[in-house]
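Report on the structure given below.
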Amino acid sequence: MTEGKTSQPPERHRGPVTLRRDSIPLSTADQRLLDSHLRSEWKTKDAWRALRILSEFVEGFDTLADLPPSVSVFGSARSKADSPEWKLGEDLGAALARAGYAVITGGGPGVMEAANKGAAEAGGLSVGLGIELPFEQGLNEYVELGIDFRYFFARKTMFVKYAQAFVVLPGGFGTLDELFEAVTLVQTKKVTRFPVVLMGTAYWRGLVDWIRDTMQADGKIGPEDLSLLFLTDDVDEAVRHIAAAGADDVEAASARRTAREASG
């Protein structure tokens, strides 16, 4: 061991609370909520949990309300600093910052850390929305504005509410969860004009082919639904795609305002 250095103790963030060593519980707040099987717990503990859930939404809304235009970036927490997706994430974070966007990630290691690093070092705002997990430790060092959440659903609302687009880099189940939630919200028009960019064509091509050749071919999605995904390896192309959608929004809003004034 290098002289003068000590290893950091295990750590868990639970909202504003930091827990270490024996104070770390064996389960997370999400697990205790979703694994509750006894009706007696539904009538007692879950009622009190509702207040804690409300507090997470209030904290998120209050903290993030003044963000500039932002883009949420997703990708694997397991990616190493020498991996292609790390470099892609870092370059993307920097490009988004130079284009005037804040970068929002899950605040963890891997691709998330890379995107936060790129944004911070390019002079942009680097945001991290962390989650209480048994196997990850806190927010990465490049997060400048961070919130730790107990509940996935509160955190996921913030990713969508305060972003103008999603960019999805290679990742695992959590990344796929965010990807398909975003696409579903756009498909069902819960959000409109919301670009979803897949970066890493070699990684995502098989999934996109399956969506087209199986889901679409079998009529499970419409012919236009595949166009909700924009696939590229080019950082500048991704940023242009996001910016173009934003420009279209401004133009459409201006046209609606002009129409209302003319009819009024």
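Side chains included, hydrogens not; waters and symmetry mates left out as well; all remaining heavy atoms used.
- Between His241 and Phe230, the ring-plane angle classifies as parallel under the 30° and 60° cut-offs.
- Tyr101 OH to Ile242 CD1: the interatomic distance, rounded to the nearest 0.5 Å, is 6.5 Å.
- The environment of CG in Asp209 is crowded: more than 12 heavy-atom neighbours from other residues, nucleotides or ligands sit within 6.0 Å.
- Taking the side chain as every heavy atom from C-beta outward, Thr192 and Val186 never approach each other to under 4.5 Å.
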Walk me through it: do Leu229 and Val168 pass the test side-chain contact (heavy atoms from CB on, under 4.5 Å)? CA-CA 10 Å; Leu229 300 173; Val168 187; over 6 Å; no
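- Residues Val197 and Trp86 do not share a hydrophobic cluster, defined by chaining ILVMFWY side chains whose heavy atoms lie under 4.5 Å apart.
- Annotation: the span from Arg212 atom CZ to Ile221 atom CD1 amounts to 10.5 Å, rounded to 0.5 Å.
- Taking every heavy atom of both residues into account, Asn116 and Ser126 meet most closely at ND2-OG, 2.8 Å.
- Using a 4.5 Å heavy-atom threshold, the side chains of Ile104 and Leu129 count as touching.
- Comment: Lys87 engages Asp91 in a salt bridge, judged by a side-chain N to carboxylate O separation of less than 4.0 angstrom.
- Connection of Leu125 to Tyr142 is not established within any shared hydrophobic cluster, with ILVMFWY side chains joined at heavy-atom distances below 4.5 Å, either directly or through further cluster members.
- Looking only at distances, no side-chain donor or acceptor of Tyr203 sits under 3.5 Å from a matching main-chain atom of Glu85.
- The hydrophobic clustering, which links ILVMFWY residues whose side-chain heavy atoms are closer than 4.5 Å, places Phe153 and Leu54 apart.
- Note on Lys220 versus Asp218: salt bridge recorded, some NZ/NE/NH1/NH2 to OD/OE distance being below 4.0 Å.
- Using a 4.5 Å heavy-atom threshold, the side chains of Leu198 and Val167 count as separate.
- No donor-acceptor distance shorter than 3.5 angstrom exists from the side chain of Thr214 to the backbone of Ile211, with no hydrogens or angles considered.
- Two residues are said to be in side-chain contact when any heavy atoms from C-beta on lie closer than 4.5 Å; Val103 and Thr105 meet this criterion.
- A donor-acceptor contact shorter than 3.5 Å is absent between the side chain of Thr232 and the backbone of Met199.
- Shortest non-hydrogen contact noted between Trp204 and Leu176 is CZ3-CD2, 3.7 Å.
- Between Ala245 and Pro195, the closest heavy-atom pair is CB-CG, 3.4 Å.
- One finds the CD atom of Glu224 at 8.5 Å from the CD atom of Gln216 (value rounded to the nearest 0.5 Å).
- Residues Glu59 and Phe149 have side chains not in contact (no heavy-atom distance under 4.5 Å, counting atoms from C-beta outward).
- Note that CZ of Phe159 and CD of Glu178 are 5.5 Å apart. Values are rounded to the nearest 0.5 Å.
- Under a 4.0 Å N-O distance rule, the pair Arg52/Glu56 does not qualify as a salt bridge.
- We find the CD1-CG distance between Ile147 and Leu139 to be 9.5 Å, quoted to the nearest 0.5 Å.
- Side chains of Ser55 and Val58 form no contact here, defined as non-hydrogen atoms less than 4.5 Å apart.
- When all heavy atoms of Met112 and Gly75 are compared, the closest pair comes out as CG-O, 4.2 Å.
- In this structure, the separation between CD on Glu132 and CZ on Arg155 is 12.0 Å, given to the nearest 0.5 Å.
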side-chain contact (heavy atoms from CB on, under 4.5 Å) assessment of Phe166 paired with Val160: CA-CA 8 Å; Phe166 272 15; Val160 176; 3.7 Å; yes
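- Side-chain atoms of Val208 and Thr201, non-hydrogen and from C-beta on, never get closer than 4.5 Å to each other.
- The closest side-chain heavy-atom distance from Glu141 to Glu113 is below 4.5 Å.
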side-chain contact (heavy atoms from CB on, under 4.5 Å) for Glu144 and Val127? Distances and angles first, verdict last. CA-CA 6 Å; Glu144 298 169 315; Val127 181; over 6 Å; no
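- Closest non-hydrogen pair, Val183 versus Val196, comes out as CG2-CG1, 4.2 Å.
- Between Glu181 and Lys156 there is a salt bridge, since at least one side-chain N of the basic residue sits less than 4.0 Å from a carboxylate O of the acidic one.
- Between Ser79 and Ser83, the closest heavy-atom pair is CB-OG, 3.8 Å.
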Would Phe74 and Val111 count as a side-chain contact (heavy atoms from CB on, under 4.5 Å) here? Give the steps. CA-CA 7 Å; Phe74 300 96; Val111 169; over 6 Å; no
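- Between the Asn140 side chain and the Gly108 main chain, a donor and an acceptor come within less than 3.5 Å of each other.
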